[in-house]
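One structure is given here, and the rest of the page talks about it.
Position 1 is the first residue of the sequence, and the numbers go up from there. Both counts, for ligands and for their atoms, begin at 1 and track the order of listing.
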Amino acid sequence: MSKTIIITGASKGIGRSAAEVLLKAGYRCALAARRTDSLRELADQYPDQTLLQPADVSRLEEVKRLVEATVKRFGGVGVLVNNAGLGTFDPIQDGKPDEWDRMIDVNIKGVLYAIHAVLPHMLQQQDGHIINLASVAGHHVYPNGAVYAATKHAFSSRLGGIRQDLRGKVRVTPISPGAVNTPFPENISNPELRAHFRENLGNGLDPAVVAQAIHQAIAYPDKVMMSEIILRPFHRQ
Ligand SMILES: NC(=O)c1ccc[n+]([C@@H]2O[C@H](COP(=O)([O-])OP(=O)(O)OC[C@H]3O[C@@H](n4cnc5c(N)ncnc54)[C@H](OP(=O)(O)O)[C@@H]3O)[C@@H](O)[C@H]2O)c1
């Protein structure tokens, strides 16, 4: 029987690409985002493999409902792809506390809530895999991104204690892409930085490439754990 995979932030960008790749590969997928209407057509293509569940990852009750609905529909949960996330950028002296709150709520608390909700099932099954969409910003800090980088450092491989606690029980794979061409810049309220990120990400990786890495990490035999994936655009000069 194929694995069941929960993908948060599946409505666009990397999460959407991961959904397409994993459904095509035959996995059963619970696809979550605050709005799931953009996923309807994809779900209709794979009706037996797909669950659409609106969920805001910053609300623990909604995340618990997502996991319960997944277990009810598919009988368990094998993989959690913690992908939902956002970035806003400003010099720290111009920072906007409400935007910091959103990043912390989604990028840190949302990831923890989802882990909290799936772990009882994974531990009971004695099998599970947690994939966290970290970032190159979780390895190297750049100007204007202090708070985003802090949220991404929370789950970068070296600083996360999660893998140590789950050693021998649940596989944990952080995936850290550099620039990826997605609607990610649309959350940036600073117009100059939004334009800068649009241009930079426009030259970035295709989200399908990140989806491929997610697929690969899942597809390795259960006795293998990809413990670190860093993907960067490569421009031949
Ligand atoms: N793009 C890049 O260059 C890049 C590089 C490194 C890492 N990353 C990371 O990769 C992940 C995906 O980014 P992306 O580029 O694909 O961004 P994106 O295109 O903006 O997509 C973000 C996804 O997250 C969902 N989301 C946002 N807030 C949410 C919430 N509170 N609850 C549930 N879902 C929520 C969005 O759906 P709704 O709005 O419908 O909820 C959307 O599906 C993020 O964690 C990001 O930090 C991105």
Among all protein heavy atoms, pick the one closest to atom 24 (O) of ligand 1 and tell me residue, atom and distance.
-> Gly9 CA, 3.5 Å

Would you tell me which option among Asn83, Asn200, Leu205 has the nearest heavy-atom contact to atom 45 (O) of ligand 1?
-> Asn83

Can you label the angle between the His215 ring and the Tyr27 ring as parallel, tilted or perpendicular, going by 30° and 60°?
-> perpendicular

With atom 41 (O) of ligand 1 as the reference point, say which of Arg59, Arg34, Lys12 has the nearest heavy atom.
-> Arg34

Determine, using heavy atoms of Leu201 and all atoms of ligand 1, whether some pair is separated by less than 4.0 Å.
-> yes

Nearest heavy-atom pair of Leu133 and Pro177: which atoms, and what distance?
-> CD1-CG, 3.9 Å

Best match, Gly15, Gly85, Ala84, Ala18: closest heavy atom to atom 22 (C) of ligand 1 = Gly85

Tell me, please: is Ala134 in heavy-atom contact with ligand 1, that is, under 4.0 Å?
-> yes

Backbone, side chain, both or neither: what part of Ala179 comes under 4.0 angstrom of ligand 1, heavy atoms only?
-> backbone

Gly178 near ligand 1, heavy-atom distance under 4.0 Å?
-> yes

Heavy-atom contacts with Ile14 under 4.0 Å: which atoms of ligand 1 show up? List them by number with element.
-> 10 (O), 16 (O), 48 (C)

Just which atoms of ligand 1 are under 4.0 Å from any heavy atom in Val106?
-> 31 (N)

Taking only Lys NZ, Arg NE, NH1 and NH2, and the carboxylate oxygens of Asp or Glu, determine whether Glu186 and Arg198 approach each other closer than 4.0 Å.
-> yes

Arg59 atom CZ, over 12 foreign heavy atoms within 6.0 Å = no

Are Ile108 and Val136 connected, step by step, through hydrophobic side chains (Ile, Leu, Val, Met, Phe, Trp, Tyr) whose heavy atoms are closer than 4.5 Å?
-> no

Can you figure out which of Asn187, Asp56, Val180 has its heavy atom closest to atom 3 (O) of ligand 1?
-> Val180

Minimum-distance pair of heavy atoms, taken over all atoms of Leu231 and Val210 | CD1-CA, 4.0 Å

Mind listing the closest non-hydrogen atom pair of Ile230 and His139 along with its distance?
-> CD1-CE1, 3.9 Å

Consider ligand 1: state whether an atom of it lies below 4.0 angstrom from any non-hydrogen atom of Gly87.
-> no

Within-cut-off N or O pair, Ser58 and ligand 1, under 3.5 Å | no

Atoms of ligand 1, numbered as shown, that sit under 4.0 Å from any heavy atom of Gly13 = 16 (O), 19 (O)

So is Arg35 polar-close to ligand 1, meaning N/O to N/O under 3.5 Å?
-> yes

Just need the protein heavy atom nearest to atom 6 (C) of ligand 1, so name the residue and atom and give the distance.
-> Pro177 O, 3.2 Å

Does the side chain of Asp105 pick up a donor-acceptor pair with the side chain of Ser58 at under 3.5 Å?
-> no

Taking every non-hydrogen atom, the tightest pair across Met122 and Leu80 = CE-N, 3.8 Å

Give a yes/no on ligand 1: does Lys152 have at least one heavy atom closer than 4.0 angstrom to it?
-> yes

Shortest non-hydrogen pair, Tyr113 vs Val57, comes out as CD1-O, 3.3 Å

Numbering the atoms of ligand 1 from 1, which are under 4.0 Å from a heavy atom of Tyr148?
-> 7 (C), 8 (N), 46 (C), 47 (O)

Within a distance under 4.0 Å of any heavy atom of Ala55, pick out the atoms of ligand 1 and give their elements.
-> 32 (N), 33 (C)

